[in-house]
Amino acid sequence: MPGIYVHVPFCAAKCGYCDFHSIVADGSFVGNYIRAFQQEAAYYGRKYQNQVFETLFFGGGTPTVLEPKQLSQMIEAVLENFNFNSGFEFTIEANPCTLGQEKVDHLAILGVNRISLGVQTFQDNLLKRLERLHSTADIYTSVEYLRKAGINNFNLDLMYGLPEQSLRDWETSLDAAIALQPTHLSCYSLILEEDTPFFEQYNQGLLNLPSEDLEYEMFELVKNKLRQAGYQHYEVSNYALKEEYQAKHNLIYWHNQPYLGLGSGAHSYMEQSRYVNSLDLNRYIENWLDNQPAIDHIELISEDQAMDETMMLGLRLLDGVEEAVFAKRFGQTIMEVYAEEIEELLAKKLVIWENGRLKLTDRGLSLGNHVFSAFIR
Ligand code: SF4
C-alpha cells in the first residue's frame, strides 16, 4: 500500500549546509501556500478516492515552524481527503526549538504518533557551527514534551563528519542519544552540497572537515555502539530499537513501492510514473489556487528501471532483496537479470546470498555506493 509524503517548505532560518527545498517566509505567503495545498489535497483525494494509504509523513523544511492552526489546516486537508489504514504511522519532522508542550499536545490530538527530531549533535559548539537554531538543552526539553504528550515513538536525526568534529565528539553525541532511548536513530554523514554557504566556505579553505579515514571510523563507531546498545541496524544509516519501530514510511521507499507526494517539490511514484511537483513556490501556489496541477517533471518508469531501482534501494536494507519477492513482482529472478553484476560483487565479497536474499556484507556496507551503482543499467 502506498504512503503519502507532504512537503512543508518553510524554516525559521537556513542552516549553512542545507540544500533542501525550504525558505524563510512570512505569514501571508505561508497562508497562500496552505490554501494551495488544500486544493492539491482535494484534487488528489478525488483521484485516489478508492485507495487506502499506509503511512503519512510531513517533512520539510521544518513542518513544526507552522502555528498550531496552520498545522491543523494542512493535516486536516490530508485526513479529510484520503483513506488510511487504521493505526497508520503518522510522522512529522520537527526541530527542537520549534516545539512547545502545547504544540506537541496539539499534534498528538491530530493523530501524529511518531516524531522525527532534527537533533544533529549534542554539542552546542557544533550546533552553532552548523548554524542550527537549537541548543542541547532544547533537545532534552523537546523529548520531555513528546513523552508527556504520549508520543513515545520518536526518531533522532544525527549527523557526523561535521567541521571540527572529533571521534570523541561523535561518541559523546551517540552516548547522549542512546541515553534518551529513542525508538529510532538515523545517522547520516554531512554531505557538502553545491550552492550552500558551507560549499563556499569549503572552496575558500574555511571548512575543516574530517578526513575520509576519520569519517570511516565514525561510521564504524555508530554501527558498533548502536548495535551494542540493543538497536537493530536495519538500513545503512538507520537503527530501530525493535522491528516494530522501523520507519514504515521509509520502508515504502526502500522497497520501491508507490507513494504520493503533496506540496511544492514533493516527489511521487504512482502508477509506474515518477513526478516532481513544482519547486517554484509561486508557480505552485498560483497553479493550485487556480486548481491546476503544478508539476515540473514526469517520467514513465520502465520495467528495467523499476528492477534497477528495486535493487539499489532494497540493498540499502540489511535484510537485502528477497529473490522470491523480486521474481513475483517482475517475473524474472534476480540472477536472470543481474548474473554478471552479482558474480562480480560476490567475488569482491561485497554481497552475499543468505536464506534466499541478496544482502550487503559488512564490507559492502562500508562501500554501499559502489554496490548500488552496479545495478544502474
Ligand atoms: S532546519 Fe533542516 S530543512 Fe531547515 S534549513 Fe536547517 S537543515 Fe535545512
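Counting starts at 1 for both ligands and their atoms, in listed order.
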Between [Y] and [X], do the side chains contain a donor N or O and an acceptor N or O under 3.5 Å apart?
X: Gln246; Y: Glu235; answer: no
X: Gln228; Y: Asn224; answer: no
X: Asp169; Y: Ser166; answer: yes

Check each atom of ligand 1 against the heavy atoms of [X] and keep those under 4.0 Å away; list them by number with element.
X: Thr62; result: 1 (S), 4 (Fe)
X: Phe20; result: 3 (S), 8 (Fe)
X: Ala13; result: 5 (S)

Fill in: Proximity flag Gly118 to ligand 1, non-hydrogen atoms under 4.0 Å
no

Practice prompt. Decide, counting backbone as well as side-chain atoms, whether Cys18 has an N, O or S atom less than 2.8 Å from atom 6 (Fe) of ligand 1.
Written response: no

Worksheet item: Considering only heavy atoms, does Cys15 approach ligand 1 within less than 4.0 Å through its side chain, its backbone, both, or neither?
Response: both

Practice prompt. May I ask you to identify, for Ala12, whether its side chain, its backbone, both or neither come under 4.0 Å of ligand 1 on a heavy-atom basis?
Written response: neither

When you measure from [atom] to every protein heavy atom, which one gives the shortest distance, and what is it?
atom: atom 1 (S) of ligand 1; value: Asn95 ND2, 3.1 Å
atom: atom 4 (Fe) of ligand 1; value: Cys11 SG, 2.3 Å
atom: atom 2 (Fe) of ligand 1; value: Arg132 NH1, 3.8 Å

Worksheet item: Aromatic ring centroids of Tyr338 and Phe375 under 6.0 Å?
Response: yes

Worksheet item: Counting only N and O atoms by type, is there a donor-acceptor contact under 3.5 Å from the side chain of Ser22 to the main-chain atoms of Phe10?
Response: no

Worksheet item: Going by the angle between their ring planes, with limits at 30° and 60°, are Phe53 and Phe84 parallel, tilted or perpendicular?
Response: tilted

Fill in: Sidechain N-carboxylate O distance under 4.0 Å for Asp175, Lys225
yes

